[in-house]
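Read through the structure below, which is laid out as structure tokens, and then see the notes.
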Amino acid sequence: MSAAPDPMLVFDRDLVRLRRERAAGAWDGFLKREIAERLVERLDDIRRAFPVAVDIGCHGGEVGRALRQPDGSVRGGIQTLVSIDLALGFARRAQAHGPAVVADEEMLPLKPASVDLVLSAMALHWVNDLPGALVQIGRALRPDGLFLAALLGGETLWQLRQALAQAESDVEGGLSPRVSPFADLRDAAGLLQRAGFAMPVADAETIDVRYPDALALMRDLRAMAEGNAVRGRRSGFTRRETLARAAAIYAERHGDSEGRVPASFEVLYLHGWAPHAAQPRPLRPGAATSRLADALGTTERPAGEKAGH
């Protein structure tokens, strides 16, 4: 009798590794490059140095390149950047920016309180235990160390999701997981707080990319190793009739006057600090030294009392 599948294991990590090894051979990664640049720009607003930094899910070294400025300096005062990736091919590509390590994001080889900054672009959305990964990252940071990450959110590829679902229903009379589920913005800041980060912040933006058709989008997702890796996905190849129907639905619903179609990528940005005694903290309830009513020039009334005209 076979054991029941673990509900915590959403993604097939072996498949994720295999696809990333294949993608590393002819890597372009335009989306990763764009997201990495937007992520590291956030360091420009922070007036302190992070001597030792780690890039989790380095792919082709896009974060390392984005950190280097035209004058040769490195953003954030980084002196050593350690790159980590699930795929050996990507770790080799990132060696130009410093030491590179092959490791699983779910089991990070980082000593407690050993790094000043952890960066991650387009990797953590493939982790089964995201809260556990965040706890590991928090432990690896020195007090007042910084964590900055960008991962794909739940609204990513909503157009493709709808088109595939309709096509599969029309052609095959049923539905199966076709696009991987990702985190929701509402939960992102809460996950940081649960993992012990101080001053957690999460925000999102959408990057729209236009393709000649839905099939070109699917080819690009495979090239970026961002295809469906859900453990419960249907085995075998998708029927040609289903793909053709999905492409037709996509074009009908979302195509522009030139026949091109948009693909939306929701990017969640996570920002959190390792706790430190010098960080600002919220006041205890009742510890305020001034009244809000005085600041607003109004009269304070007990709760439940109706205001007069």
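Using cut-offs of 30° and 60° on the angle between ring planes, the pair Phe90 and His59 is tilted.
A cation-pi arrangement is present between Arg42 and Tyr269, with the terminal nitrogen or guanidinium carbon under 6.0 Å from the aromatic centre and inside a 45° cone about the axis.
Taking CZ of Arg20 as the reference point, atom CZ of Arg13 lies at 7.0 Å (rounded to 0.5 Å).
A donor atom on one side chain and an acceptor atom on the other are found under 3.5 Å apart for His125 and Glu226. For the residue pair Thr206 / Glu155, no side-chain donor-acceptor distance below 3.5 Å is found, with atom types taken as modelled. Donor-acceptor pairing under 3.5 Å is recorded for the side chains of Tyr211 and Asp220.
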Side chain to side chain donor-acceptor pair (under 3.5 Å) evaluation trace for Gln159 with Ser264: CA-CA 7 Å; Gln159 304 98 329; Ser264 298; 2.9 Å; yes

Stepwise side chain to side chain donor-acceptor pair (under 3.5 Å) check, Glu105 with Trp126: CA-CA 9 Å; Glu105 296 95 341; Trp126 291 120; over 6 Å; no

Asp213/Arg260 under salt bridge (charged side-chain N to carboxylate O under 4.0 Å, His left out): CA gap, chis, key distance, verdict: CA-CA 6 Å; Asp213 51 50; Arg260 299 173 66 84; over 6 Å; no

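For Arg65 (side chain) and Ala36 (main-chain N/O), no donor-acceptor pair under 3.5 Å exists by modelled atom type. Between the side chain of Arg139 and the backbone N or O of Pro112 there is no donor-acceptor pair closer than 3.5 Å.
A salt bridge is absent between Asp85 and Arg93: the closest approach of a Lys/Arg side-chain nitrogen to an acidic carboxylate oxygen does not fall below 4.0 angstrom. Residues Arg245 and Glu241 are not paired through a salt bridge, judged by the lack of any N-O separation under 4.0 Å between the basic side chain and the carboxylate.
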